[in-house]
**Student:** 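Provided herewith is a single structure, encoded as structure tokens, for subsequent inquiry.
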Amino acid sequence: MPAHFASWFRPRFYALMTVAIFMEDTNSLIEQRKAKLAALRAKGIDPFQNKFTPTETCAEARGNYVEGREVSVAGRITAHRDMGKSMFIDVRDQSGRIQCYAQKNVLGDEPFVIFTHLDLADFVGVKGTLFTTKTGEISIKLSSFTILAKSLRPPPAKWHGLEDTEIRYRQRYLDLMANPDVKDVMLKRSAIIHEIRNFFHERKYVEVETPTMQGIPGGAAAQPFKTFHNALGCEFYLRIALELYHKRLLVGGIDKLFEIGKNFRNEGLSRRHNPEFTMLEAYCAFGDYATMMETVESLITTVAKKVLGTLVIEHPMKIRFKRELNNAIVKLKALHQKLTEDFGKSLTNSDVTTEAYLNFNSVFSASIRELELLSHLNNQTPLDQAIEQAKRSFVNCSVEGNTFRLSPGMEVSEKQVKGHTSEFLSFIEQALPQLESLKIEAGAIAPESLNKIIDLTPNWRRAKYNDLVKEKAGADWFTISADERRQHAHDMGAEIGKEFEDFEVTNAVFSKFIEPTLINPTFVTHLPKELVPLAKLSPDDPTTVEVFECCINGQEISPGYTEQNDPIAQRATLEHQAGGEQQKLDEDFLVALEHGMPPAGGIGIGIDRLCMMLLGQESIRDVILFPQLKPK
RNA sequence: GCCUCGGUAGCUCAAUGGUAGAGCAGUUGACUCUUAAUCAAUUGGUUUCCGGUUCAAGUCCGGACCGGGGCACCA
């Protein structure tokens, strides 16, 4: 063995490195790291240790500062500052970061050379004593170190974090490494679920687990995933809801129960939908929907207080809005130019106008939605005027399905738009300056002032479905004829299918124009019975059911029911539902009900959406560690 | 499934159709209290993939793949 490690290490090290690079030059950064690994092994050092037991975490070391106290910590190297004969590194574990100071004359020449060749992202265990640097940072003066795990790939980022959404979701570990905010959200999600469990345990609810694989998937109207059991030779479905098994447990005498588990629904993916999502369902015998309203309100405020320490939650709104706006302006200008040229040449050329229409349709649908939402938020921002102005032209000019409305009296279908080039042009000329001024004003505004504020302070608003509809669509909504309602809904800009029944027309207005505006918690009660066929009728108004929808942040967070315990009525509605033979009848469940189920209140809460609301995330993918993506 | 925006070095981003660049990371050298360390030098690219137009394509056109947003499906 050479007498001086330093002189041995370098030439041998680079000889190895060169060989490695010539062998495979796919990624030189990886090859360099592999060469360092080989060099360490050649020296008899195993950079993948089985165990290292630190005396404390990085945060504990910093928190319990006593000058000269001996400590050992372990973690990943996240930064290094090389000073020649001394060196600073940052070591980070889950608790946080601590700076370590290595000196050549303390460690010795050989170990110091090894130390300076450590890479970002390597795991090390260090021993040393606490001290404070000139600039006042608590640090560890190293007496020794052990390489615990060498990282063979470069870490993603130092300052900007990792931005590439695809890598963030597919390789979440990199996201967690690089973006502290992401880790914070995920840890808070864990805390939220912990507090939910605490809440129910304190109220003497029993936590249960029910089958994920079911022969007949029931409890919701959704497409299931199908799977196959080899030994039994039969098909199973992944559950779409927990409900039917929970009710069996009510029959069996478990009076207060809850489950937190995955549901699987075979649907498209979106900002609010992941194919597998976490659901909380809870049932309380001898309670009803009013009991459950109290439960939901108490649960969510308790969790918010414990995890966030506040009942007032801010959501940033600005980014998408500004980008959409800019996008729209650029697009509109190009459109205008193209149309003008075409219009000058030939009045009858329809293709360009039709194309323009289609472009307009897709570019603007998002902008219109955002404008609508912003104007609903009610909190006065300097943008209000500009939004109102721009809205006036947009609300008059809206796009639904295949119909494009230039002004209140004038509607043009996609096929007819060809004849209206001049109207289209003048609309653009009118809209452009408004958008421009909106953009200027939006640019001048601090992003925070556009934040959406959700106030969870009790007592939460309780409102009847019909009252909310009347508030938005006119006090005479339920006294005018069904045809008038249909026309009115259409005028408001709702999409009304030809086959829609009357209650569906009203509900289209509700889900498009009312639900998105319910930012602060609101229990919507007394839903029309047609809308929720499986629920029990309200004794005080038999046209409605004892159901609530708890809306927060413009989304339904939790539905709650007085559960149906009349086996005959339940069978009738289920048979009616199954009439389209889409889902088979769960005979076993119906038999269970016939044995008698106590009156009960029940709720479901989508945990992912609850986390979005509490943690200020606009996408469900940002509250799920590994969201579903298309396989590469 | 449909519409739309995007994919450039390990990371974050540039590049009127005309030699693919910067900062950081990496490597080398200097420096024993730095913390986005500093200073000097330097490596690194099948511009996601396939095809087309052109004397010339990261850029224009067509297609595929993946992602974001919107819609549809779905409470």
**Student:** Calculate, to the nearest 0.5 Å, the distance between atoms CG and CG belonging to A:D122 and A:L37 respectively.
**Tutor:** 9.5 Å

**Student:** Answer yes or no: is there an ion pair linking A:R272 with A:D608, defined by an N-O contact shorter than 4.0 Å?
**Tutor:** no

**Student:** Need one value for A:Q103: base, sugar-phosphate or nothing, where a base atom within 4.0 Å counts as base even if backbone is also close, heavy atoms only.
**Tutor:** base

**Student:** Describe, in one word, how the ring planes of A:Y101 and A:F88 are oriented to each other, choosing from parallel (under 30°), tilted (30 to 60°) and perpendicular (over 60°).
**Tutor:** parallel

**Student:** Which of these nucleotides, B:U32, B:C33, B:C66, is closest to any side-chain atom of A:S86?
**Tutor:** B:U32

**Student:** Evaluate ring-ring contact (aromatic ring centres under 6.0 Å, His included) for A:Y465 paired with A:H526, printing each intermediate quantity in order.
**Tutor:** CA-CA 6 Å; A:Y465 180 87; A:H526 293 78; over 10 Å; no

**Student:** In this structure, how many angstroms lie between the C1' atom of B:A25 and the CG atom of A:D82, rounded?
**Tutor:** 14 Å

**Student:** Of the nucleotides B:G67, B:U32, B:U34, which has the atom closest to the A:K85 side chain?
**Tutor:** B:U32

**Student:** For B:C33, which nucleotide in any strand shown is its Watson-Crick or wobble partner with both distances under 3.5 Å?
**Tutor:** none

**Student:** With a non-hydrogen cut-off below 4.0 angstrom, is A:T133 in contact with a base, only sugar-phosphate, or nothing?
**Tutor:** base

**Student:** Has the side chain of A:N105 got a donor or acceptor atom sitting under 3.5 Å from an opposite partner on the base of B:U32?
**Tutor:** yes

**Student:** With sugar-phosphate meaning primed atoms plus P, OP1 and OP2, does A:R609 contact a base, only sugar-phosphate, or nothing at under 4.0 Å between heavy atoms?
**Tutor:** nothing

**Student:** Find the distance A:I30:CD1 to B:C11:P and express it as a whole number of Å.
**Tutor:** 10 Å

**Student:** By the 4.0 Å heavy-atom rule, please label A:F277 as base, sugar-phosphate, or nothing.
**Tutor:** nothing

**Student:** Please give the nucleotide sitting opposite B:C71 as a Watson-Crick or G-U wobble pair, both distances under 3.5 Å, or none.
**Tutor:** B:G1

**Student:** Looking at A:E276 and A:K262, does any basic side-chain N land under 4.0 Å from a carboxylate oxygen?
**Tutor:** yes

**Student:** Work out how far the C1' atom of B:A22 is from that of B:C61, and round it to whole angstrom.
**Tutor:** 31 Å

**Student:** Nearest-Å distance, CZ (A:R81) to P (B:U34)?
**Tutor:** 10 Å

**Student:** Rounded off to whole Å, could you give me the CG-to-C1' distance for the A:D622 and B:G68 pair?
**Tutor:** 11 Å

**Student:** A:R170 near the nucleic acid: base, sugar-phosphate alone, or nothing, with a heavy-atom cut-off under 4.0 Å?
**Tutor:** sugar-phosphate

**Student:** When you measure from the side-chain N and O atoms of A:K630 to the phosphate of B:C66, is any distance below 4.0 Å, counting only OP1 and OP2?
**Tutor:** yes

**Student:** Is it true that A:E137 and A:R97 make a salt bridge, defined as a side-chain N closer than 4.0 Å to a carboxylate O?
**Tutor:** yes

**Student:** Going by modelled atom types, is there a donor-acceptor pair between the base of B:U34 and the side chain of A:Y101 at under 3.5 Å?
**Tutor:** no

**Student:** For B:A56, which nucleotide in any strand shown is its Watson-Crick or wobble partner with both distances under 3.5 Å?
**Tutor:** none

**Student:** Describe the nucleic acid contact of A:N507 in one word from base, sugar-phosphate, nothing, applying a heavy-atom distance below 4.0 Å.
**Tutor:** base

**Student:** Please state the C1' separation for the pair B:G23 and B:A15 - nearest whole angstrom.
**Tutor:** 15 Å

**Student:** Under a 3.5 Å cut-off for both contacts, is B:A14 paired Watson-Crick or G-U wobble with anything, and if yes, with which nucleotide?
**Tutor:** none

**Student:** Could you check how far CG of A:L29 sits from P of B:U43, rounded to whole Å?
**Tutor:** 15 Å

**Student:** Taking the side chain of A:L162 as heavy atoms from C-beta outward, which of B:G67, B:C33, B:U12 is closest to it?
**Tutor:** B:U12

**Student:** Please work out if A:I167 contacts a base, only the sugar-phosphate, or nothing of the nucleic acid, heavy-atom cut-off 4.0 Å.
**Tutor:** sugar-phosphate

**Student:** Compare the minimum distances between each of B:G67, B:C33, B:U12 and the side chain of A:M83, then state the nucleotide with the smallest one.
**Tutor:** B:C33

**Student:** Map A:L120 and A:A102 onto RNA chain B by nearest heavy atom, then report which one ends up closer to the 5' terminus.
**Tutor:** A:L120

**Student:** In plain terms, say whether A:R76 and A:D93 are close enough for a salt bridge, that is, a side-chain N and a carboxylate O under 4.0 Å apart.
**Tutor:** no

**Student:** Look at A:E563 together with A:K247 and state whether they make a salt bridge at an N to O cut-off of under 4.0 Å.
**Tutor:** yes

**Student:** Could you tell me whether A:D90 contacts a base, only the sugar-phosphate backbone, or nothing, with contacts defined as non-hydrogen atoms closer than 4.0 Å?
**Tutor:** nothing

**Student:** At less than 4.0 Å, is any side-chain N or O atom of A:R271 found next to OP1 or OP2 of B:G70? Yes or no.
**Tutor:** yes

**Student:** Counting Watson-Crick and G-U wobble pairs only, both distances under 3.5 Å, name the nucleotide matched with B:A9, or none.
**Tutor:** none

**Student:** Looking at every strand, decide which applies to A:G161 at a 4.0 Å heavy-atom threshold: base, sugar-phosphate, or nothing.
**Tutor:** sugar-phosphate

**Student:** If you measure from the C1' atom in B:C5 to the same atom in B:C73, how many Å do you get, rounded?
**Tutor:** 23 Å

**Student:** For A:E137, which contact category applies under a 4.0 Å heavy-atom criterion: base, sugar-phosphate, or nothing?
**Tutor:** base

**Student:** Should A:K141 be listed as having a side-chain N or O under 4.0 Å from OP1 or OP2 of B:U32?
**Tutor:** no

**Student:** A:E163 has an atom CD; how far is it from atom P of B:C11, in whole Å?
**Tutor:** 12 Å

**Student:** Could you tell me which nucleotide pairs with B:U46 by Watson-Crick or G-U wobble geometry, both distances under 3.5 Å, or answer none if nothing does?
**Tutor:** none

**Student:** Below 4.0 angstrom from OP1 or OP2 of B:G69, is there any side-chain N or O of A:R621?
**Tutor:** yes

**Student:** Just the rounded figure in Å: distance from P of B:A72 to CZ of A:R272.
**Tutor:** 10 Å

